[in-house]
Amino acid sequence: MKTIDELLAEGVKGKRVFVRADLNVPLAEGTITDDGRIRAVQPTIAKLAEAGARVIVASHLGRPKGAPDPAFSLAPAAARLGELLGADVAFATDTVGSSAKETVAALTDGKVAVIENLRFNAGETSKDDAERGAFADQLAELADVYVGDGFGAVHRKHASVFDLPKRLPHAAGQLIATEVGVLKKLTDEVKRPYVVVLGGAKVSDKLAVIDELLGKADRLLIGGGMAYTFLYAKGYEVGISLLQKDQVEKVKEYMARAESTGVELVLPVDILASTDFPDLKGKTPAEYTTVDADKIPADKEGLDIGPKTRELYASKIADAATVFWNGPLGVFEHPDYAGGTRAIAQALVDSDAFTVVGGGDSAAAVRTLGFDENAFGHISTGGGASLEYLEGKTLPGLAALEG
């Protein structure tokens with residue numbers, strides 16, 4: 001995989017460099033609530049601009065249905081990128097139309113432009129190779145060189161991620177190089193004990209990575225909504241907690257495998273349970289009881305791990321050499337149910353281990369809860385991409401850059 005440093009050594013002055021970034025940031029009424037992904041790609045863009053490239057930044061945001069939708073415009077991300085770069089960033093109001101062509105044509109050496117949300121064009125996400133390829137052809141006309149640096153999208157077989165690099169000389173950006181280097185430390189070069197913390201809502205989202213990690217991790221700590229399927233599989237009452245009954249047999253199989261292979265699979269021992277899911281907008285005080293994990297009342301829902309579990313999990317992390325964490329341990333968006341997620345983040349900070357926060361909601365939680373990002377070994381920009389890499393899958397965006 002060619003690196004950006006190799007590309008810069010060849011010279012990019014005056015060249016139109018298409019940077020596939022991941023500017024898929026959360027917005028609240030048009031305001032960015034977490035700019036982590038923009039900050040992560042800014043060094044690559046700055047390097048190219050400083051070297052005299054004419055930089056065209058492209059990304060998706062959200063899930064528009066293949067047509068323009070103002071709610072998913074990249075305009076706020078373009079404005080924030082300009083603030084981070086300390087320079088004006090031009091913005092094209094379409095992807096491959098007249099605005100994009102005129103904006104790119106007006107670029108001078110060292111200047112940066114952002115084109116509108118790639119998913120406003122149906123060709124970006126099309127499953128039809130010809131339709132996707134046709135869009136990639138149009139994007140290729142805008143540029144001379146391609147730099148892939150949108151790690152959060154490399155597991156998608158999309159036009160700008162998979163097809164476009166095949167049409168232009170290409171290299172991996174600084175962020176992708178960093179992300180892949182970190183993931184190798186979780187797969188090929190693991191220092192032990194290796195502890196994995198998995199949370200999030202659905203166990204079905206994590207089955208493949210659990211399957212892979214049962215042969216690699218020393219301990220698996222389970223929390224979040226997915227924990228209740230594990231507790232149910234042990235024969236416990238889980239009340240009205242999130243439960244995927246169709247995954248119970250698979251979970252039983254994994255628990256048996258963990259026992260037979262010596263992998264320590266740790267489940268919550270106590271739970272914060274309530275009859276009502278919390279109001280996340282008003283964040284009114286929650287009403288809950290703390291119960292043992294095998295005594296959740298039939299009319300209550302588990303919404304966070306309890307204080308005993310927080311202590312238990314922190315103790316399981318304390319002696320680790322490597323920790324990977326993906327998924328919140330409770331409904332962290334509400335302050336009364338953020339304690340479990342906060343405890344895991346703090347345990348990572350207190351550990352001497354190489355710690356990796358696996359993107360998505362975990363990364364958002366770290367920032368929302370006020371932790372110093374530099375206190376962790378690495379905070380990934382791609383939760384889904386990280387998981388698929390750990391599952392051993394071939395990621396289309398990385399494969400294209402290696403070609």
Side-chain angles (χ1 to χ4, degrees), residues 36 40 151 178-200 205-206 208-224 226-227 230 254 258 261-269 304-305 308-330 332 338-392:
F151 180 73
T178 298
E179 294 273 14
V180 171
V182 166
L183 288 168
K184 284 183 177 177
K185 291 183 180 180
L186 301 178
T187 51
D188 305 331
E189 307 156 9
V190 183
K191 292 183 179 178
R192 298 184 181 279
Y194 178 21
V195 178
V196 176
V197 185
L198 294 177
D205 293 341
K206 303 291 196 304
V209 76
I210 293 171
D211 185 50
E212 188 72 17
L213 288 169
L214 282 173
K216 292 180 178 175
D218 297 300
R219 293 181 200 132
L220 285 177
L221 314 183
I222 306 295
M226 63 183 286
F230 279 85
Y254 285 165
T261 57
V263 175
E264 191 178 359
L265 196 156
V266 189
L267 299 177
V269 294
D304 195 11
I305 57 172
K308 292 178 184 175
T309 306
R310 296 169 198 175
E311 289 184 18
L312 172 65
Y313 284 11
S315 73
K316 297 295 182 182
I317 291 168
D319 67 343
T322 304
V323 184
F324 173 70
W325 169 33
N326 182 281
L329 281 290
F332 77 92
T341 302
R342 185 187 301 278
I344 293 300
Q346 189 63 54
L348 266 66
V349 169
D350 294 341
S351 168
D352 292 327
F354 175 62
T355 56
V356 179
V357 180
D361 286 341
S362 312
V366 163
R367 298 185 184 108
T368 300
L369 297 175
F371 285 89
D372 180 358
E373 294 178 46
N374 295 320
F376 303 88
H378 180 69
I379 298 178
S380 179
T381 56
S386 295
L387 286 179
E388 291 199 15
Y389 189 101
L390 294 180
E391 290 165 17

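The figures here come from the full heavy-atom set of this structure, side chains too, leaving out hydrogens, waters and symmetry mates. Predicted model, so just to flag it, every value in this text is computed and none were measured.
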Next on the checklist: Working note: T187 + Y389, criterion side chain to side chain contact (heavy atoms under 4.5 Å, CB included); need CA distance, chi angles, decisive distance, verdict.
Outcome noted: CA-CA 9 Å; T187 51; Y389 189 101; 4.0 Å; yes
Item to check | Gap separating the CG atom of L220 from the NZ atom of K316, nearest 0.5 angstrom | outcome: 12.5 Å
Checklist entry - Which is it for L312 and V269 under the side chain to side chain contact (heavy atoms under 4.5 Å, CB included) test, yes or no, and what are the steps along the way? => result CA-CA 9 Å; L312 172 65; V269 294; 4.1 Å; yes
Checklist entry - Taking atom CG of L213 and atom CD1 of I210, what is their separation to the nearest 0.5 Å? => result 8.0 Å
Checklist entry - Would a 4.5 Å heavy-atom cut-off, applied to side chains only, mark T322 and R192 as touching? => result no
Next on the checklist: Does atom CG (D188) have a neighbourhood of more than 12 heavy atoms from anything else shown, all under 6.0 Å?
Outcome noted: yes
Item to check | For A217 against V263, the heavy-atom pair lying closest together | outcome: O-CG2, 3.5 Å
Next on the checklist: Would you say that V356 contacts F376 through its side chain, given a criterion of any heavy-atom pair below 4.5 Å between the two side chains?
Outcome noted: no
Item to check | Residue list, salt bridge (Lys or Arg N to Asp or Glu O under 4.0 Å) with D350, at least two apart or on another chain | outcome: none
Item to check | Residues forming a salt bridge (Lys or Arg N to Asp or Glu O under 4.0 Å) with K216, sequence neighbours excluded | outcome: E212
Next on the checklist: For the backbone of G377 and the side chain of T355, can you confirm whether one donor and one acceptor N or O come within less than 3.5 Å of each other?
Outcome noted: yes
Item to check | Flag, side chain of S362 to backbone of G327, donor-acceptor distance under 3.5 Å | outcome: yes
Checklist entry - Short question: side chain of N326, backbone of G358 - any donor-acceptor pair under 3.5 Å? => result yes
Next on the checklist: Please check this pair: side chain of Y313 against backbone of V266, looking for a donor-acceptor N/O pair closer than 3.5 Å.
Outcome noted: yes
Next on the checklist: Checking V182 against K185 for the side chain to side chain contact (heavy atoms under 4.5 Å, CB included) test, could you report, in this order, the C-alpha distance in whole Å, the side-chain angles of both residues, the deciding distance, and whether it holds?
Outcome noted: CA-CA 5 Å; V182 166; K185 291 183 180 180; 5.6 Å; no
Next on the checklist: Is any side-chain heavy atom of W325 closer than 4.5 Å to one of L348?
Outcome noted: yes
Checklist entry - Does any N or O in the side chain of T341 come within less than 3.5 Å of the main-chain N or O of A338, such that one atom is a donor and the other an acceptor? => result no
Counting only pairs under 3.5 Å, give me each side-chain donor-acceptor contact of residues 365-372, with atom names and distances, residues two or more places apart or in other chains.
unit_1: R367; atom_1: NE; unit_2: E373; atom_2: OE2; d: 3.2
unit_1: R367; atom_1: NH1; unit_2: D34; atom_2: OD1; d: 3.4
unit_1: R367; atom_1: NH1; unit_2: D34; atom_2: OD2; d: 3.0
unit_1: T368; atom_1: OG1; unit_2: A364; atom_2: O; d: 2.8
unit_1: D372; atom_1: OD1; unit_2: N374; atom_2: N; d: 2.9

Checklist entry - What heavy-atom pair brings A320 and V195 nearest, and what distance separates the two atoms? => result CB-CG2, 3.6 Å
Next on the checklist: Could you walk me through whether V323 and F354 satisfy the side chain to side chain contact (heavy atoms under 4.5 Å, CB included) test, starting with their C-alpha distance in whole Å, then the side-chain angles of each, then the deciding distance to 0.1 Å, before giving a yes or no?
Outcome noted: CA-CA 6 Å; V323 184; F354 175 62; over 6 Å; no
Checklist entry - Between D211 and K206, is there a salt bridge with N-O shorter than 4.0 Å? => result no
Checklist entry - Going from CG on L221 to CG on L265, what distance comes out if it is rounded to the nearest 0.5 angstrom? => result 8.5 Å
Item to check | Gap separating the CD1 atom of I222 from the CZ atom of F230, nearest 0.5 angstrom | outcome: 4.5 Å
Checklist outcome for this item: The salt bridge (Lys or Arg N to Asp or Glu O under 4.0 Å) partners of D205 (sequence neighbours excluded) come to none
Checklist entry - Should F151 and T178 count as side-chain neighbours, where that means a heavy-atom distance under 4.5 Å? => result no
Item to check | Under the salt bridge (Lys or Arg N to Asp or Glu O under 4.0 Å) test, residues paired with E391 that sit two or more places apart | outcome: K393
Item to check | Exam field: side chain E179 to backbone S380, donor-acceptor pair closer than 3.5 Å | outcome: no
Item to check | Spacing of CD1 belonging to I305 relative to CG belonging to L267, to within rounding of 0.5 Å | outcome: 11.5 Å
Checklist entry - Who are the side chain to side chain contact (heavy atoms under 4.5 Å, CB included) partners of A321, not counting sequence neighbours? => result K191, P193
Checklist outcome for this item: Separation between CG (D319) and CG (D218), nearest 0.5 Å, reads 9.5 Å
Checklist outcome for this item: Closest non-hydrogen atoms of L214 and T261, given as atom of the first, atom of the second and distance, are O-OG1, 3.9 Å
Checklist entry - Is Y194 close to V196 at the side-chain level, that is, under 4.5 Å between some pair of heavy atoms? => result yes
Item to check | Pair D304 + R310, salt bridge at N-O below 4.0 Å | outcome: yes
Item to check | Non-hydrogen atoms of S351 and I317 that approach each other most closely | outcome: OG-O, 3.9 Å
